[in-house]
Amino acid sequence: MENNCIFCRIIAGEIPSRKFYEDDDMLIIADIAPQAKKHYLLLPKKHYANIVEMSAEDAATLAKCLKKLGELTDELGLQDGFRLVSNKGENGCQSVNHLHIHILGGEKLSEKMA
Ligand code: AMP
């Protein structure tokens, strides 16, 4: 856990969040500033900044998290489809340096991605 990381503090329960799912590897919460009717964040519990910094073990854990997400889509109201996004660095407009996957859906999204 990184003390000054907002997502680490959410994972530790120090900052409240709207939790939809939790297991040993990840948390799925509502984004505080939604950009689609449904906007969740998948937060791996282990702190690393982005995919460039992740280890092979982190990558295997993230794959497990994505598999689980695939099993939760109905429960999350995403049965008609969704989009996954992970911003990295300045050009990607990443604002929180703890790897996270945005899960957007609940409506027809823009065909443009940038
Ligand atoms: P990014 O800009 O890709 O790093 O995404 C960070 C996301 O975290 C943004 O969509 C924010 O709205 C979201 N966010 C920041 N603080 C919180 C919080 N306390 N609870 C839930 N989402 C948050």
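Counting convention: from 1, in listed order, for ligands and their atoms alike. Since we're looking at a predicted model, the values are computed, not measured.
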Quiz prompt | Pairwise distance CG(L76) to OH(Y40) - rounded to 0.5 angstrom | solution = 4.5 Å

Exercise. For a salt bridge (Lys or Arg N to Asp or Glu O under 4.0 Å) with K46, tell me which candidate from D58, D25, D24 qualifies.
Key: D58

Quiz item: Which of these, I6, I10, I32, has its nearest heavy atom closest to atom 23 (C) of ligand 1?
Solution: I32

Quiz item: Where the closest heavy atom to atom 3 (O) of ligand 1 is concerned, which of V85, N87, I15, L43 has it?
Solution: N87

Quiz item: Tell me, do Q79 and T73 make a side-chain contact under 4.5 Å, heavy atoms counted?
Solution: no

Practice problem: Considering the heavy atoms of L41, write down every atom of ligand 1 situated less than 4.0 Å from one of them. | Solution: 8 (O), 13 (C), 22 (N)

Quiz item: Which atoms of ligand 1 have any heavy atom of A33 under 4.0 Å away?
Solution: 12 (O)

Quiz item: If you group Ile, Leu, Val, Met, Phe, Trp and Tyr by side-chain heavy-atom gaps below 4.5 Å, do I51 and Y48 land in one group?
Solution: yes

Quiz item: Okay, side chain of N50, backbone of E53: is any donor-acceptor separation there less than 3.5 Å?
Solution: yes

Quiz item: Considering only the protein, which heavy-atom contact is closest to atom 2 (O) of ligand 1, and what is its distance?
Solution: S95 OG, 2.8 Å

Exercise. Check whether any heavy atom of R18 sits under 4.0 Å from an atom of ligand 1.
Key: no

Exercise. Could you grab the distance from atom SG of C5 to atom CG of N97, nearest 0.5 Å is fine?
Key: 8.0 Å

Exercise. Determine whether the side chain, the backbone, both or neither of C93 has a heavy atom under 4.0 Å from any heavy atom of ligand 1.
Key: backbone

Self-check item: Within one Ile-Leu-Val-Met-Phe-Trp-Tyr cluster: I101 and V96, side-chain cutoff 4.5 Å
Solution: no

Quiz item: For S86, is the nearest heavy atom under 4.0 Å from an atom of ligand 1?
Solution: no

Practice problem: Tell me which protein heavy atom sits closest to atom 8 (O) of ligand 1, plus the residue, atom name and distance to 0.1 Å. | Solution: F7 CZ, 3.4 Å

Self-check item: Residue A30 vicinity, atoms of ligand 1 by number, heavy atom under 4.0 Å
Solution: 21 (C)

Exercise. Give me the ring orientation class for H39 and H102: parallel if the planes are under 30° apart, tilted from 30 to 60°, perpendicular past 60°.
Key: tilted

Quiz item: When you measure from atom 7 (C) of ligand 1 to each heavy atom in D31, L99, N97, V96, which option holds the nearest one?
Solution: D31

Self-check item: Distance from atom 1 (P) of ligand 1 to nearest protein heavy atom, with residue and atom
Solution: H100 NE2, 3.2 Å

Quiz item: Between K38 and E107, is there a side-chain N and carboxylate O pair less than 4.0 Å apart?
Solution: no

Self-check item: Backbone or side-chain N or O of H39 under 3.5 Å from ligand 1 N or O
Solution: no

Practice problem: Just let me know how H102 lines up against ligand 1, side chain, backbone, both or neither, with a heavy-atom cut-off below 4.0 Å. | Solution: side chain

Quiz item: Of the non-hydrogen atoms in L104 and A36, which two are nearest, and what is the gap between them?
Solution: CD2-CB, 4.0 Å

Practice problem: Output the list of atoms in ligand 1 that are nearer than 4.0 Å to some heavy atom of Q94, sorted by atom number. | Solution: 4 (O)

